[in-house]
There are 2 protein chains.
Amino acid sequence: MRQAEELCEDQGAALTPLRRDVYELLLRHDRPVGAYELLDELKSLRPKAAPVTVYRALDFLLDLGLVHRVNALNAFSACRGHETDHRGLVLICRSCKATVELEDRKVDNTIRRSAAELGFETGDGPVEVLGTCAGCRG
Amino acid sequence: MRQAEELCEDQGAALTPLRRDVYELLLRHDRPVGAYELLDELKSLRPKAAPVTVYRALDFLLDLGLVHRVNALNAFSACRGHETDHRGLVLICRSCKATVELEDRKVDNTIRRSAAELGFETGDGPVEVLGTCAGCRG
DNA sequence: CACTAAATGTAATGTTATTACATAATATAT
DNA sequence: ATATATTATGTAATAACATTACATTTAGTG
């Protein structure tokens, strides 16, 4: 949270109470959370909240890199660990939906180099890899 | 198409006219296509088609690996190139939605090894990487 | 042919995300 | 300090993506 505030300060971005609420809700989970699930939680704080309320707050947080969108799950997770760099992998368990973030220069560079050979410039944000976690394999 | 038929034969899977239609529609595009866009096209061949018609055909084709689901676009693309192995990368242009498939052992192995260190077993299907293609950067 | 399993038809509904426009709050310039 | 512009939020409706449930048809098997 502290870091988020500083980041907003630096960028001249307004971390309003609403946006802060959404971010804090997200921080309470250690897995990606769907927008409508987040909306349900937000409603207990702000009865007026509507889908667009959540999506707008998420867009703001995504732009800052405080939150990742996990395409494979249509869900969102607070970014952990690497506050300055979001270029690792995120491993997603197909079964339990848990995710692990992994910042690994080697993997990342390998991917980016291969992409570059085909003229692609890869953006920010981690690469999503679907798999099965240790727990769910047992 | 030839290859698809053989694959179905081998697996004892029934490539029915409907499934064939869907697959052929997909082959006409060189980019991922949404299910409802596909549905519109399918309707000109089969007026009775409904959303579930398309989704069922896609599920069948996905199981066989003839088609990939591109999570980042909520869309589907016919698999090109590596008919026996689907473990490369798919690069997706955020701007024009074009995709390029890239089978690269090195990248793939690097990703899988890193995942394995965290207890993750990665499944089939390519890893999606979002970026910007050469054309859209110009 | 009778039976079973697989595929498709049909309708409804669930889930995720966006658009459009109104209102309120905040920042900026005068 | 006040008017103006910009940014944020409220409110309603709808669009886009996907699944469930159940009926019917078609294809495979004894």
Side-chain angles (χ1 to χ4, degrees), chain A residues 4 8-9 11-23 25-26 29 31-64 66-77 92 94 97 128, chain B residues 4-5 8-9 11-23 25-26 29 31-64 66-77 92 94 97 128 130:
Chain A
C8 289
E9 187 103 7
Q11 313 249 335
L15 186 60
T16 62
L18 171 61
R19 289 162 175 176
R20 176 186 293 262
D21 284 348
V22 171
Y23 184 54
L25 287 173
L26 224 31
H29 296 274
R31 59 172 176 88
V33 183
Y36 280 73
E37 187 179 348
L38 221 42
L39 175 58
D40 281 344
E41 296 177 1
L42 185 62
K43 273 182 175 161
S44 64
L45 300 172
R46 297 171 175 269
K48 293 181 200 166
V52 75
T53 312
V54 170
Y55 281 103
R56 286 198 283 226
L58 288 171
D59 283 344
F60 172 86
L61 297 166
L62 286 165
D63 281 347
L64 288 170
L66 289 170
V67 164
H68 297 311
R69 180 186 158 79
V70 181
N71 289 315
L73 302 176
N74 290 334
F76 304 84
S77 65
I92 305 159
R94 283 182 213 273
K97 315 305 183 198
E128 298 178 15
Chain B
E5 285 163 359
C8 289
E9 188 103 9
Q11 312 250 334
L15 187 59
T16 62
L18 171 61
R19 290 162 174 174
R20 176 186 294 263
D21 284 348
V22 171
Y23 184 53
L25 287 174
L26 225 29
H29 296 273
R31 60 173 175 89
V33 183
Y36 279 72
E37 187 179 348
L38 222 41
L39 174 58
D40 282 344
E41 296 176 1
L42 185 62
K43 273 181 175 162
S44 64
L45 300 171
R46 296 169 176 270
K48 293 180 200 168
V52 76
T53 311
V54 170
Y55 281 105
R56 284 197 284 227
L58 288 171
D59 282 345
F60 172 86
L61 297 166
L62 287 165
D63 281 348
L64 289 169
L66 289 170
V67 164
H68 296 310
R69 181 185 158 77
V70 181
N71 289 315
L73 302 176
N74 290 334
F76 304 84
S77 63
I92 306 158
R94 283 180 212 273
K97 312 306 183 198
E128 298 177 15
L130 290 167

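Every chain is numbered from 1, with letters handed out A, B, ... down the list of sequences.
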Mind checking if B:R46 touches a base, just sugar-phosphate, or nothing, with heavy atoms under 4.0 Å?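 Counting heavy atoms under 4.0 Å across all strands, no contact is made by B:R46.
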Using the side chain to side chain contact (heavy atoms under 4.5 Å, CB included) rule, pick out the option among A:R20, A:E37, A:E41 that qualifies with A:L25.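 Only match with A:L25 under side chain to side chain contact (heavy atoms under 4.5 Å, CB included): A:E41.
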Does OP1 or OP2 of D:dA18 have a side-chain N or O of B:N74 closer than 4.0 Å?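 For B:N74, the contact criterion (side-chain N or O under 4.0 Å from OP1 or OP2 of D:dA18) is met.
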Does C:dT18 have OP1 or OP2 sitting under 4.0 Å from an N or O in the side chain of A:Y55?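 Negative; the distance criterion is not met.
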Closest nucleotide among D:dA12, C:dT10, C:dT8 to the A:V52 side chain: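 So the side chain of A:V52 is nearest to D:dA12.
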By nearest atom, which of the nucleotides C:dA17, C:dG9, D:dT9 is closest to the B:K48 side chain?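 Among the listed nucleotides, the one closest to the side chain of B:K48 is C:dG9.
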Taking the side chain as every heavy atom from C-beta outward, state whether B:L18 and B:L42 have any pair of such atoms under 4.5 Å apart.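 SC-SC contact between B:L18 and B:L42 confirmed.
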Judged by each residue's nearest nucleotide on DNA chain C, which is more toward the 5′ side, A:Y36 or B:T53?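 Looking at the nearest nucleotide for each, B:T53 comes out on the 5' side.
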Given DNA chain C, 5'-ward residue of the pair B:T16 and B:P51, judged by closest heavy atom: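 Between the two, 5'-proximity favours B:T16.
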Hey, is the side chain of B:R56 pairing donor to acceptor with the base of C:dG9 inside 3.5 Å?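 By the distance-only test, yes, there is a pair.
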Give a yes or no on whether the backbone of B:A14 and the side-chain of B:R19 come within a donor-acceptor separation of less than 3.5 Å.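 Between the backbone of B:A14 and the side chain of B:R19 there is a qualifying donor-acceptor contact (under 3.5 Å).
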Which heavy-atom pair separates B:V22 from B:L38 by the least distance, and what is that distance?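 That closest heavy-atom pairing would be CG1-CD2, 4.3 Å.
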